[in-house]
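Heads up: the structure comes next, in structure tokens.
To find a chain, count down the sequence lines: A is the first, B the second, and so on, and within it residues start at 1.
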4 protein chains.
Amino acid sequence: MNARFQSDKVKQKKHHKRTAIIEAAIETFAKKGFHKTKISDIARAADVADGTVYLYFDNKDDLLIKSFDELISGKLNELKKLVEGEETFLARLTMFFDYHVKLFTEKPYIARFMAIELRQSTEFYKKFPDYQPIKRYLNYLQELIDEAKKEGNLRDVDTLGLSYLMFGTMDFVLTEWSTREQSFDLLDIKDKIVDIVRYGMYPIREH
Amino acid sequence: MNARFQSDKVKQKKHHKRTAIIEAAIETFAKKGFHKTKISDIARAADVADGTVYLYFDNKDDLLIKSFDELISGKLNELKKLVEGEETFLARLTMFFDYHVKLFTEKPYIARFMAIELRQSTEFYKKFPDYQPIKRYLNYLQELIDEAKKEGNLRDVDTLGLSYLMFGTMDFVLTEWSTREQSFDLLDIKDKIVDIVRYGMYPIREH
Amino acid sequence: MNARFQSDKVKQKKHHKRTAIIEAAIETFAKKGFHKTKISDIARAADVADGTVYLYFDNKDDLLIKSFDELISGKLNELKKLVEGEETFLARLTMFFDYHVKLFTEKPYIARFMAIELRQSTEFYKKFPDYQPIKRYLNYLQELIDEAKKEGNLRDVDTLGLSYLMFGTMDFVLTEWSTREQSFDLLDIKDKIVDIVRYGMYPIREH
Amino acid sequence: MNARFQSDKVKQKKHHKRTAIIEAAIETFAKKGFHKTKISDIARAADVADGTVYLYFDNKDDLLIKSFDELISGKLNELKKLVEGEETFLARLTMFFDYHVKLFTEKPYIARFMAIELRQSTEFYKKFPDYQPIKRYLNYLQELIDEAKKEGNLRDVDTLGLSYLMFGTMDFVLTEWSTREQSFDLLDIKDKIVDIVRYGMYPIREH
DNA sequence: TATGAATGAGCCTTCATTCAT
DNA sequence: GATGAATGAAGGCTCATTCAT
């Protein structure tokens, strides 16, 4: 092993603890909520000392924010790749939801994290006015919708309205699903909701 | 003044402080969030001593629950009266949304209270598994939907799905609206979303 | 016991804890120094709970300041009464020193408190620019000196200079005496220093 | 380059870091005070790693002590050379004060260091009973005084008393001067105080 | 009933010190 | 010798809850 390799290893190690802390934070915040989570809980879960957390993050708030960022950036990138592999708007929409259903089914605590911890306080938003991770999701959805409208695959619905409808519905379904201990089938309800969003709730007119 | 009258007055008085505390609690929880609200904040707002709160409520959690119950019962009753004054499903649906838009426009902190504080923690739900104030809203929505389906004014969509879609969308729109400092027009977006829910997002087929 | 008496008792009681905390603080700060003194040390010494300290004082710094104020105001008042009972400048000067010698001999920790804790940091002075308890002592000394000059009992020495000389000497003697565990006789050295200040250090010119 | 030279260079280098740390420590302790100074502050100022400090000093206390020693030894040696260049007691006394006025005017933080940090705690003196850097100053002053008395240039004042008077006055003047942001003229007040110490404060008897 | 002073458990954060490299 | 990432003990302060009046 030469010097260059060693340096790489060092760099890797440098980030190892940080990554461990982020992962522990996401899981613990999601499981117990921000306020009930002690820094020492996270430190223990990450197998580091309490003080180590403060080598990588300014304070508890900062850790929350950075955890969100990390989580959402990662997921959004994954999502974009998958979605952009699809051709039609319908396929993309389906993929958008499928991705989340899969993600949250596999790691329900992420659903809780995104659906609940995210919105703890206006104070939080006041403190970090530029911190709008949900906004990035919404923006992405809105791009997809606008494209679809251009393609003619979508009638001229209100972009903002549809994005709120889609995101809000998904968010609520997931919140219910995760706080109610997964008492209904996520895949099933997704299909049923997609059906409503596609065709509306009015009786389908015969022609 | 006879004994009966006196007793009534006493009872009224008895409830006066309780009511004041509940009202102060709702407003304060909504404004500052559950964790940042101190019992002494609520006591001051209600113009009672800290200790007095504990004459009417077991603890802070209990006060939160009772506040929700009070708030939601009141609002739900109001809502039911208005909704049941309408004949058609469409009118009822419209009324359902209009009522909330009006309510939250007038008292935005109630939106915050319902949208955010409501879902603070799994711990909370674990501790009070029977406490599901949202459930009552959802149940009511589902009743309306089922009726409408029977009337033939609604195609055979999934009741649970539609109720989640409607409630989740409303919830999210309100959260955004209240955390983003009312940056968009609530009435306007409501109409646009109702349009989507009615007719779906697909191009309307000519016939 | 009537209502008025009871109210007095309450008032007394109200201040009882505050007084106990101040006294405990002075003694503990003096014995251990500001930084080594824990709030819990003071609380224990005052026989109250830790939290009680914060009912009467904003924080540890505030407690230090208030303790000084209390201590110095009290002592300065006592001192003024005694000094003003004397007629001539010489008697007043003697009283000024005698008072301190007696005070510090009886309660050496007060000497430490005034001589050392008082000047912990420039930060402290920056934070509380108006907080100059020593200044009040100096001002008082300067008044005495100016009067004496007017009376003709004192030659036209520099007032500021003499006040610094007197205060600084006293301060240093006390510091040495208290940090060196009272290894010399305070009364004795006082007389010898007074002699120098009176007649100067040059050989007394015969005439 | 031979081995001896190399060894010298190494020794020099060895001491380079130690010297850098001492200098950084004196300046930083003086500027921020002992308790607010972090080891990492000193390390950064000395341009070494935190751990390096512990190669040369046992702990933070030890670093403080060694810094004092270094500072005081240096200054005392300088002072002695200058003082011993003077013939008469009066000239020596003047030099003693002039030296300090010059030193502290040029590097006010040294005044702070000596006047304040020096006396942080009884604990400190208890821990290091032999550590009396001021003592060396006092001893030197006392030697000067005793010599002067032998020479007949000084009446038979109490040596300890006069040394305390001189040192204490100087100490206090400097403390006031440095904590009050140099609000008065050091040179001017020095002359006025020297006048008092020489001739006393009583009206000069005519003859 | 009502009060509000008192309590004390609990937690975030700092920083002197260590030690593997 | 030199580094600096990691450690973990320690303490100021908050605030839900109690209880004597």
Problem set entry | Length of the line joining A:Leu55:CG and E:dT14:C1', which is rounded to integer Å | 11 Å
Exercise. What is the distance, rounded to the nearest whole Å, between atom CG of C:Leu64 and atom C1' of F:dG12?
Worked result: 15 Å
Exercise. Looking only at heavy atoms, what is the nearest atom pair of A:Phe34 and A:Lys60, with distance?
Worked result: O-NZ, 3.0 Å
Exercise. In whole angstrom, what separates A:Lys38's NZ from F:dG8's C1'?
Worked result: 16 Å
Problem set entry | Whole-Å distance separating the OH atom of C:Tyr54 from the P atom of F:dA16 | 18 Å
Problem set entry | Any D:Lys17 side-chain nitrogen or oxygen under 4.0 Å from OP1 or OP2 of F:dT3 | yes
Problem set entry | Value in whole Å for how far the C1' atom of E:dT14 lies from CG of D:Asp41 | 12 Å
Problem set entry | Atom-pair distance (NZ on B:Lys60; P on F:dC15), nearest Å | 8 Å
Exercise. Would you say B:Tyr56 reaches E:dA2's phosphate, i.e. side-chain N/O to OP1/OP2 under 4.0 Å?
Worked result: yes
Exercise. Would you write out the dot-bracket form of DNA chain F, 5' to 3', with Watson-Crick and G-U pairs under 3.5 Å, [ ] for crossing pairs, | for pairs to other strands and . for unpaired bases?
Worked result: .||||||||||||||||||||
Problem set entry | Straight-line distance of D:Tyr54 OH to D:Ile39 CD1, nearest 0.5 Å | 4.0 Å
For this session: Output all residues satisfying side chain to side chain donor-acceptor pair (under 3.5 Å) with C:Glu70, sequence neighbours left out; order by chain, then residue number.
Result: C:Arg18
Problem set entry | C:Thr37 backbone acceptor or donor facing C:Thr28 side chain under 3.5 Å | no
Exercise. Taking only residues two or more places apart in sequence or in another chain, which ones pass side chain to side chain donor-acceptor pair (under 3.5 Å) with D:Ser40?
Worked result: none
Exercise. Can you list the residues that meet the side chain to side chain contact (heavy atoms under 4.5 Å, CB included) rule with B:Ala20, with sequence neighbours excluded?
Worked result: B:Ala46
Problem set entry | N or O in side chain of B:Lys36 less than 4.0 angstrom from F:dT14 OP1/OP2 | no
For this session: Report the distance from atom CZ of A:Phe34 to atom P of E:dC11, rounded to the nearest whole Å.
Result: 13 Å
Exercise. Roughly, in whole Å, what's the span from CD1 in C:Ile39 to P in F:dA10?
Worked result: 18 Å
Seminar exercise, completed: C:Asp47 meets the side chain to side chain contact (heavy atoms under 4.5 Å, CB included) criterion, sequence neighbours left out, with none
For this session: With a 4.0 Å heavy-atom cut-off, tell me which residues in residues 45-52 of chain A come close to DNA chain F, sorted by residue number.
Result: A:Val48, A:Ala49, A:Gly51, A:Thr52
Seminar exercise, completed: Contacts of C:Asp41 meeting side chain to side chain donor-acceptor pair (under 3.5 Å) (sequence neighbours excluded), chain-then-number -> C:Lys32
Seminar exercise, completed: Closest non-hydrogen atoms of D:Asp58 and D:Asp62, given as atom of the first, atom of the second and distance, are N-OD2, 3.0 Å
